[in-house]
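I have placed the structure first, in the form of structure tokens, so that the comments after it can refer back to it.
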Amino acid sequence: MTQEIRVRFAPSPTGKLHIGNARTAILNWLFARHSGGRLILRIEDTDLERSSKESEEGIYRDLIWLGIDWDEGPDIGGEFGPYRQMERTDIYGKYIDSLLGKGHAYHCFCTLEELDEMREKAQAAGKTDVWYDGRHRNLTAGEKEAFIAQGRKPVVRLKYPDEDISFHDIVKGDLTFPAGSTGDFVIARSDGTPTYNFVVVIDDGLMKISHVIRGDDHLSNTPKQIAVYRALGWQAPQFAHIPMILGDDRTRLSKRHGATSVQGYCEAGFLPAALINFMSLLSWSSPSGDEILSLERLVEEFDFSRVSKSPAVFDNEKLAWMNGMYIRALPLSRLTDLCLPYLEKAGYPLPQRDKLEQIVSLVQDNLERLKDCVEKLEFVFADRVAPATPDAVRMIEKESTPKVFWSFLRQADKVEHLDFAQFRKIMKTVSNETGVMGKDLWMPVRVALTGDIHGPDLPKVVDIFGKERCKKRIESALHLEK
RNA sequence: GGCCCCUUCGUCUAGUGGUUAGGACUCAGGACUUUCAUUCCUGCAACAGGGGUUCGAGCCCCCUAGGGGUCACCA
């Protein structure tokens, strides 16, 4: 019997989509697409305080940007909706009542103060795991009424079984959580709203999720959820707990580690394909050993048997390298499209399209992030440039530099257009005329034209600038010299 | 602290009892080039420690250490 493969990504709309969550989404997506299953997007918005519509929309936007699509979700509906938890409250209520009726759950009237006291007492006694003593497990009708009369509002607790709970995790293997390490936990708050460990089971169960793929920070929640499945009489899905992504300091990646939102990476000019490629290589590897992998290959090759059990540090340097590889592989027109918004935002006066593409081509093999094009191309759009570094100043101040410049200007005047080929010819003539060659010849010209001793191929730059602009910059450099 | 998970170069990883422990990023050096970058080549660099099992352990078992996670009327 082959069960339909259904996986889900279930973020809370409480902020920007985090890179760690995105990784979970990616693995779910890869698994779904690889196995011909379906990906369900579910919005876990039961935290009224922190949830927002903007966050929800941001999640859609970021997933779409990454290239992750889903088959069922709040925005597109589906057979097992609704897909927003706040729209499912009556469903949860029904199952709470059912569990209560069957005696798998019970009302607990303890106050927060009583709970604190209980916790302290347990701790003092050296009992640091289960502290709730189950005192309201078997209340009589009379006792209940007395509490209600006091105005106390009960929570609902699940009767956690007094037995080991074992399950097989697809990535971690066989796991056992010993009896006594978990107590009766709350499945519905005193205001009647259900808690996470309960709704996640109801939703996954009702939505017929076959594989729960999530971060291994959920590992210790799993026995609680299995207890709910059992109380309900439902079969639990398969679990695949993927290792966390860590920051440089080897703690779980979070806001503390800088820009960790998908949006942040988007804005910095990382390409979605590079990001997906890089993140799928965190705790997974291709059997081929290759690292630059297209989306198609990723989908084709992804398999949990090659997912490692240990956490991975997010290496921004390697991501940058990989992004550079993707940028270099882009057709020039596409790269130009992608750089355009950054250049516009910088306020640069942009030329015609073909010219712009030529300009972008100057830095194609030099970019790690799209946003870097702003800085690297500044000299092209600036009115004038000045030597940017001490080394650059030194080249301009070389004794031989003025005669190189003067010679260059004379030669430039002899030609109609200063293009790639003409420039090379002129430089040769300048060299012959002045006796200056090599770095002493090229560097001053480079600095005069671009302001720096490093940069794109000079003939290409000259080709873009044209004769008048080159002359102007050389002349300006001469003034600056004396 | 209890419980759970994890442990191969600085980082990401390959490896499933016999390998000079391989690749990638970073770094260093070299080639190409008028510079930088790209590209190519070379190099540095790892099996956490200790016990077993075995003719033989990175791979199997145990212990220790270290790291991470989780213990809410958050998700």
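For the numbers below, each heavy atom of this structure counts, side chains included, while hydrogens, waters and symmetry mates do not.
- Taking the nucleotide of RNA chain B with the nearest heavy atom to each of A:D217 and A:P11, the more 5' of the two is matched to A:D217.
- A straight line from CD1 of A:I59 to C1' of B:A75 spans 12 Å, rounded to a whole angstrom.
- The CD-P distance, from A:E113 to B:C73, rounds to 13 Å in whole Å.
- Between B:C60 and B:U8, the distance separating the two P atoms is 13 Å to the nearest Å.
- Taking a 6.0 Å sphere around CD of A:E114, one finds it holds more than 12 heavy atoms contributed by other residues, nucleotides or ligands.
- Comparing the same atom, C1', in B:A46 and in B:G23 gives a spacing of 14 Å after rounding to whole Å.
- To the nearest whole angstrom, the two C1' atoms, one in B:C63 and one in B:G30, are 49 Å apart.
- Separating the CG atom of A:N221 from the C1' atom of B:A72 is a distance of 11 Å, rounded to the nearest angstrom.
- Taking the charged nitrogens against the carboxylate oxygens, A:K53 and A:E56 do have a contact shorter than 4.0 Å, which makes a salt bridge.
- Whole-Å rounding puts the A:W131 CH2 to B:U70 P distance at 18 Å.
- Here the NE2-CE distance, from A:H218 to A:M244, works out to 7.5 Å after rounding to the nearest 0.5 Å.
- One interatomic measurement links the two molecules: CD of A:E368 to C1' of B:C25, which rounds to 11 Å at whole-angstrom precision.
- A:S190 comes within 4.0 angstrom of a nucleotide base, judged by non-hydrogen atoms across all strands.
- Nucleotide B:G1 forms a pair with B:C71, judged by Watson-Crick or G-U wobble geometry with both contacts under 3.5 Å.
- With respect to the salt-bridge test (charged N to carboxylate O, under 4.0 angstrom), the residues A:R230 and A:E163 qualify.
- A cation-pi arrangement is present between A:R119 and A:W131, with the terminal nitrogen or guanidinium carbon under 6.0 Å from the aromatic centre and inside a 45° cone about the axis.
- Using a 4.0 Å heavy-atom criterion, one finds that A:D452 contacts no nucleic acid atom at all.
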Under 4.0 Å protein heavy-atom contacts per nucleotide of nucleotides 29-40 of chain B, with B for base, S for backbone only and - for none: -----BBBBSS-

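- Among the atoms of the strands shown, only primed sugar atoms or phosphate atoms (P, OP1, OP2) are found under 4.0 Å from some heavy atom of A:T251.
- Summarising the geometry, the separation between NZ on A:K224 and C1' on B:C3 is reported as 11 Å, rounded to the nearest angstrom.
- A:E378 has no carboxylate O lying under 4.0 Å from a charged side-chain N of A:K376, or vice versa, which leaves the two without a salt bridge.
- Annotation: cation-pi geometry not satisfied between A:R157 and A:Y106 (NZ/CZ under 6.0 angstrom from ring centroid, within 45° of ring axis).
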Where protein sits on nucleotides 4-14 of chain B, one letter per nucleotide: B base, S sugar-phosphate only, - none, heavy atoms under 4.0 Å: SSSS---BBSS

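- Annotation: A:H211 is not in aromatic contact with A:F304 [ring centroid separation under 6.0 Å not met].
- Among the protein residues, A:T46 comes within range of the sugar-phosphate backbone only, with heavy atoms under 4.0 Å from sugar or phosphate atoms but none that close to a base.
- Separating the CZ atom of A:F239 from the P atom of B:G69 is a distance of 21 Å, rounded to the nearest angstrom.
- The separation of B:C36 from B:C32, taken at their C1' atoms, amounts to 14 Å, rounded to a whole angstrom.
- Two residues are said to be in side-chain contact when any heavy atoms from C-beta on lie closer than 4.5 Å; A:Y265 and A:L319 meet this criterion.
- Contact annotation: the side chain of A:D45 approaches that of A:M86 to within less than 4.5 Å [non-hydrogen atoms, C-beta and beyond].
- When the P atom is compared between B:G58 and B:U19, the two are found 9 Å apart, to the nearest whole Å.
- Nucleic acid contact class of A:C108 (heavy atoms, under 4.0 Å, all strands): none.
- Residue A:H241 is out of contact with every strand shown, counting any heavy-atom pair closer than 4.0 Å.
- In this structure, B:A48 forms a base pair with B:U64, meeting either the Watson-Crick or the G-U wobble geometry with both donor-acceptor distances under 3.5 Å.
- Phosphate contact (OP1/OP2 of B:A72, side-chain N/O of A:R119, threshold under 4.0 Å): present.
- A salt bridge does not link A:D452 with A:R446: none of the charged nitrogens is closer than 4.0 Å to a carboxylate oxygen.
- Nucleotide B:A28 forms a pair with B:U42, judged by Watson-Crick or G-U wobble geometry with both contacts under 3.5 Å.
- The interatomic distance linking A:L319 (CG) with B:A24 (P) rounds to 18 Å, in whole Å.
- B:G43 sits 36 Å from B:C61 when the P atoms are compared, rounded to a whole Å.
- Here the separation of B:G49 from B:U11, taken at their P atoms, is 15 Å to the nearest Å.
- Spacing of P atoms, B:U20 relative to B:U16, comes out at 14 Å, to the nearest Å.
- Figure legend: A:K371 and A:Y342 shown without cation-pi pairing, the cationic atom not lying both under 6.0 angstrom from the six-membered ring centre and within 45 degrees of its axis.
- Judged by Watson-Crick or G-U wobble contacts below 3.5 Å, the nucleotide B:A57 has no partner.
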